[in-house]
Amino acid sequence: MSNLYSLKATLPTVFISKSQIANRVAELAEEVKNFYLSQNNLEQNENIIVIGVLKGAFIFTADLIRALKLPTQLEFVRIASYGDSTKSNGILNIPDLALPNNIVNKHILIVEDIVDTGKTASFLKQYIQDQFNPKSLKLASLLSKPSRRAVEIDPDFYGFEIEDKFVIGYGLDFGEKYRELDYLGILNED
Ligand code: IMP
């Protein structure tokens, strides 16, 4: 079957396959669910407030909330970091941080695509803590690159720990491209 990628022979090399992602997201959802059910005594039908960080986490957030099988209220913020295309310089660009007042004093789960320097997650955790006084505040990230960390923060739940490679696909981009790939890839060098 031909598509534009195959015509140009530019499909990025598979780093983590579609099925590896699906299996890990299912396991991760179990971990997250167990945390909320065992330690936090969710009240009957109490929503977990899930805050996805756009754009990169949109696919992971969609898959995670469907695998969670717990009632959620879904919100999004949009944060980007300036820098050249594969290295962030740590200066955050925040186009949309609007969140509703009804998330005050709730269980909040931030969902990130990747914790790289940690600056995005660290900023957002502090902001939510200060503004919304959550009952609990946790961070789930599909990926974590601990070798790149510039601030002290680790996700409470993560899918894969990876070395210092630039990955694309499953929501993550390179110059706004490749988000639609259903696997995580590494760009081919050519
Ligand atoms: P931070 O450095 O932890 O603040 O991460 C900032 C953002 O940079 C992440 O949310 C991603 O959107 C992006 N990013 C970091 N590493 C990668 C990567 O390997 N591929 C694609 N985007 C990345």
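Note that the structure is a prediction, hence the values are computed from the model and not measured. When a ligand or atom number is given, it counts from 1 through the structure's own listing order.
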Distance-only donor-acceptor pairs under 3.5 Å for side chains of residues 51-66, two or more places apart:
unit_1	atom_1	unit_2	atom_2	d
Lys55	NZ	Glu176	OE1	3.0
Thr61	OG1	Ala57	O	2.5
Asp63	OD1	Arg66	NH2	2.7
Asp63	OD2	Tyr170	OH	2.6
Arg66	NE	Ala62	O	3.0

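At a 4.0 Å heavy-atom cut-off, the residues surrounding ligand 1 are Ser81, Glu112, Asp113, Ile114, Val115, Asp116, Thr117, Gly118, Lys119, Thr120, Lys145, Lys165, Phe166, Val167, Leu172, Asp173, listed by chain and number.
Between Arg149 and Asp116, no side-chain nitrogen of the basic residue sits less than 4.0 Å from a carboxylate oxygen of the acidic one, so the salt-bridge criterion is not met.
With sequence neighbours excluded, no residue satisfies salt bridge (Lys or Arg N to Asp or Glu O under 4.0 Å) with Glu161.
Within a 6.0 Å radius of CZ in Phe157, more than 12 heavy atoms belonging to other residues, nucleotides or ligands are found.
In this structure, the separation between CD1 on Ile16 and CZ on Arg24 is 10.5 Å, given to the nearest 0.5 Å.
Residue pairs satisfying the side chain to side chain donor-acceptor pair (under 3.5 Å) criterion with at least one member in residues 118-128, sequence neighbours excluded, are listed as follows: Gln126-Asp130.
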